[in-house]
Enquirer: 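Handing you a structure now.
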Amino acid sequence: MFETLSDRLTSVFSSLRSKGRLSDADIDATTREIRIALLEADVALPVVKAFVAQVKERARGSEVSQALNPAQQVVKIVNDELIGILGGETRRLRFAKTPPTVIMLAGLQGAGKTTLAGKLARWLREQGHAPMLVAADLQRPNAVQQLQVVGERAQVAVFAPEPGSGVGDPVEVARRSIDEARRLNHDIVIIDTAGRLGIDQEMMRQAADIRDAVSPDETLFVVDAMIGQDAVTTAQAFMEGVGFDGVVLTKLDGDARGGAALSVRHITGRPIMFASTGEKLEDFDAFHPDRMASRILDMGDILTLIEQAQKTFDEEQAAKMAGKLTSGENFTLDDFLEQMMMVQKMGPIKNLLGMMPGMGQMREQINSIDDRDLDRIAAIIRSMTPAERQDPKIINGSRRARIAAGSGVSVSAVSNLVTRFFDAQKMMKRMAGGMGIPGMPGGKGKAAKAQKKNKKGRRVSGDPRKAALGKSGSSDGAAPAAPAQGGVLGNLGGKLPPGIELPPGFDPSKLRLPGQK
């Protein structure tokens, strides 16, 4: 969605990194490029003006002029302002003190309200709630049936007493749904309302009537992130006609320029609460302004990546696999397949790599990745016998031909997979051994050997005086040890050279130089 904007901003900042100090001309040129980048991303003009003015004012302040790295400070300023334009902090849902919590969805037809209702219901179900979908869109043909299908996929209940397609009263359906939710102990009600191809009075009146009938705790405006400037106009019309508490962006995975996301929050004053990033029901999450700003500036989104991994990976299973990886032993093709399936559950590989910092510079390579390659690898491994998966060394020419025929790939593809697996095994064994690097897992062995070698015997200096110092304190008639705490003799390790005797009763730890406490 923000690829063009991200590329432009990244190129702007890269030209600043060679400068040890920024002049007014440098700041003007930078803000001019930022202005162009935002306008090309279809951000509304009032938003662009406010954003650039704020960046310019801060860039000319002391936080940049006194910074050791002015370029990084400008990036930080732009990041802070992006977070501010996107809403600042993550806005959470408000739940009713007495269930059910009523959430009403509003927006134009085609924005994806019905699908989004299922995504939101599934997301809430995973949070431990018991949501119920309400089919109050009775105008669009088959809208009720679509919501029922989506509800079944999301594994949530659907309240649809009317057939729809022009039949039934949506206000009455919405009103009845509250009593139904209380009767069946659903703590959240999500009402899917009708939309139109454009703004009209009938749609606004119906949405306002539903709002008055159910008094929703949250009214969410669903907007297609791909419609650009029209998103701002539509949002303003809904704000005046119905009112809403938050915005939900759909189709953030599209190839549009993404100006709607940066404009709606600033124009309406309402926060972006959720974002839909794909066609699947699981492609949905709360909107985090700081993470989105970080992704726009090609600084990655590690927190979201970690959260997805925590949802997907079973802790006990992950710990067991980590043990195999660090030991470098008993890691089989079955384990490799299991790991690959877990990664696939997290989403498309391109999306996962896109969350890593600096990946914008490798966008072409990332876009060339085909998730079907993982399916081919899985087919190859599943075409092997259990013995072959445990010990790929037994896979000879005839076995490779059989595996290739069973998985629908070439023999060379099977050979490449086996070879790469052996290379990965060798690499893991080297990592498990620590490769002699201090602090690496498995590196204790070498460190222990070195320590043992040092304990075999202490080298004695050829200088007789140093040799005598080294032998002092041993059992063969050395001078008595002095206390090692403080004092002048503390640096000698509490030992005195041979031939030096202390007066009876003298405590060297109490000896102090002038000015020493």
Side-chain angles (χ1 to χ4, degrees), residues 91-96 100-125 129 131-140 143-151 153-154 156-160 162 164 170-171 173-175 177-178 181 186-197 199 203-225 227 231 234-235 237-239 241-252 260 264 268 270-276 281 283-287:
R91 162 77 153 76
R92 304 292 182 182
L93 278 173
R94 290 189 302 252
F95 295 103
T101 298
V102 181
I103 301 173
M104 173 178 158
L105 303 181
L108 292 181
Q109 187 173 313
K113 288 194 306 299
T114 303
T115 304
L116 187 125
K119 291 182 176 183
L120 178 59
R122 180 185 180 277
W123 185 81
L124 288 167
R125 180 177 60 80
H129 296 283
M132 182 181 78
L133 294 172
V134 178
D137 181 0
L138 305 180
Q139 275 73 39
R140 182 167 60 88
V144 174
Q145 288 78 7
Q146 181 189 356
L147 187 68
Q148 289 173 328
V149 171
V150 169
R153 287 170 53 204
V156 296
V158 178
F159 180 67
E162 300 289 349
V171 179
V173 169
R175 187 182 289 112
S177 68
I178 309 301
H186 291 287
D187 63 339
I188 295 179
V189 173
I190 302 172
I191 302 175
D192 178 28
T193 63
R196 294 288 189 279
L197 294 176
I199 301 295
M203 175 185 64
M204 289 297 181
R205 186 173 61 254
Q206 185 183 106
D209 290 343
I210 294 174
R211 177 201 63 198
D212 295 339
V214 299
S215 300
D217 300 283
E218 295 278 15
T219 301
L220 303 182
F221 173 60
V222 182
V223 60
D224 183 347
I227 64 175
T234 308
F238 268 91
M239 194 69 203
V242 183
F244 55 84
D245 304 299
V247 179
V248 182
L249 292 174
T250 62
K251 305 177 187 177
L252 268 181
V264 171
T268 65
R270 296 295 184 267
I272 302 169
M273 294 178 59
F274 296 99
S276 173
L281 290 180
D283 296 335
F284 175 86
D285 205 351
F287 185 84

Enquirer: Flag the pair Phe159 / His186 as yes when their ring centroid distance falls below 6.0 Å, and as no otherwise.
Expert: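 Not close enough - the centres of the two rings lie 6.0 Å or further apart.
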Enquirer: Closest approach of Gln148 and Ala160, non-hydrogen atoms and distance?
Expert: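 Scanning both residues, the minimum pair turns out to be NE2-CB, 3.6 Å.
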Enquirer: Would you find a donor on one side and an acceptor on the other, under 3.5 Å apart, between the side chain of Thr250 and the backbone of Ala111?
Expert: yes
Enquirer: Partners of Ala121 by side-chain contact (heavy atoms from CB on, under 4.5 Å), sequence neighbours excluded?
Expert: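 Checked Ala121 against side-chain contact (heavy atoms from CB on, under 4.5 Å); matches are Pro131, Leu133, Val156, Ile190.
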Enquirer: In Å, rounded to the nearest 0.5 Å, how long is the span from CG of Leu281 to CZ of Arg153?
Expert: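 Here the interatomic distance stands at 4.0 Å.
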Enquirer: Which residues pass the salt bridge (Lys or Arg N to Asp or Glu O under 4.0 Å) test with Arg270, not counting sequence neighbours?
Expert: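 None.
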Enquirer: Please examine the side chains of Thr193 and Gln206, heavy atoms only from C-beta on, and report whether any two atoms are closer than 4.5 Å.
Expert: no
Enquirer: Considering non-hydrogen atoms only, spot the tightest contact between Ala286 and Arg92 and give its length.
Expert: CB-NH1, 4.1 Å
Enquirer: Within this structure, what is the CD1-CE distance for the pair Ile191 and Met132, rounded to the nearest 0.5 Å?
Expert: 8.5 Å
Enquirer: Measure the spacing between CD1 of Ile188 and NE2 of His129 and express it to the nearest 0.5 Å.
Expert: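 That separation rounds to 4.5 Å.
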Enquirer: Within a strict 4.5 Å, meaning less than it, do heavy atoms of the Val223 and Leu249 side chains meet?
Expert: yes
Enquirer: Applying ring-ring contact (aromatic ring centres under 6.0 Å, His included), name anything that partners Phe244, two or more places apart in sequence or on another chain.
Expert: Phe221
Enquirer: Could you pull out all residues at least two apart from Arg94 that satisfy salt bridge (Lys or Arg N to Asp or Glu O under 4.0 Å)?
Expert: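 Applying salt bridge (Lys or Arg N to Asp or Glu O under 4.0 Å) to Arg94 gives Glu218, Asp245.
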Enquirer: Does any non-hydrogen side-chain atom of Val248 lie less than 4.5 Å from one of Ser276?
Expert: no
Enquirer: Any chance you could lay out the side-chain contact (heavy atoms from CB on, under 4.5 Å) test for Leu220 and Leu116, step after step, and finish with the verdict?
Expert: CA-CA 11 Å; Leu220 303 182; Leu116 187 125; 5.8 Å; no
Enquirer: Could you tell me whether a side-chain N or O of Arg140 sits under 3.5 Å from a main-chain N or O of Gly195, the two making a donor and an acceptor?
Expert: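 Flag not set: sc Arg140 to bb Gly195 has no pair under 3.5 Å.
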Enquirer: Does Lys113 reach the main-chain N or O of Gly107 with its side chain, forming a donor-acceptor pair under 3.5 Å?
Expert: yes
Enquirer: Taking all atoms of both residues into account, what is the closest heavy-atom pair of Leu138 and Pro170, and its distance?
Expert: CD1-N, 3.6 Å
Enquirer: Quick one: closest heavy-atom pair of Ala96 and Thr101, and the distance?
Expert: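 Nearest heavy atoms, Ala96 then Thr101: N-OG1, 2.8 Å.
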Enquirer: Restricting to non-hydrogen atoms, name the atom on Ala194 and the atom on Asp137 that form the minimum distance, rounded to 0.1 Å.
Expert: CB-OD1, 3.3 Å
Enquirer: Taking all non-hydrogen atoms of both residues into account, name the closest pair between Thr114 and Ala143 and its distance.
Expert: CG2-O, 4.5 Å
Enquirer: Among residues at least two apart in sequence or on other chains, which ones pass salt bridge (Lys or Arg N to Asp or Glu O under 4.0 Å) with Arg211?
Expert: none
Enquirer: Side chains of Val173 and Ile210, heavy atoms from C-beta outward: is any pair under 4.5 Å?
Expert: no
Enquirer: Hey, what do you get for CG (Leu120) to CG (Leu93), rounding to the nearest 0.5 Å?
Expert: 6.5 Å
Enquirer: Name all residues meeting the side chain to side chain donor-acceptor pair (under 3.5 Å) criterion together with Asp217; count only those two or more places apart in sequence or in a different chain, and write none if there are none.
Expert: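 With neighbours one apart ignored, the set is empty.
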Enquirer: Flag the pair Arg175 / Val171 as yes when at least one side-chain heavy-atom distance between them is below 4.5 Å, and no otherwise.
Expert: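 Yes - at least one pair of side-chain heavy atoms lies under 4.5 Å apart.
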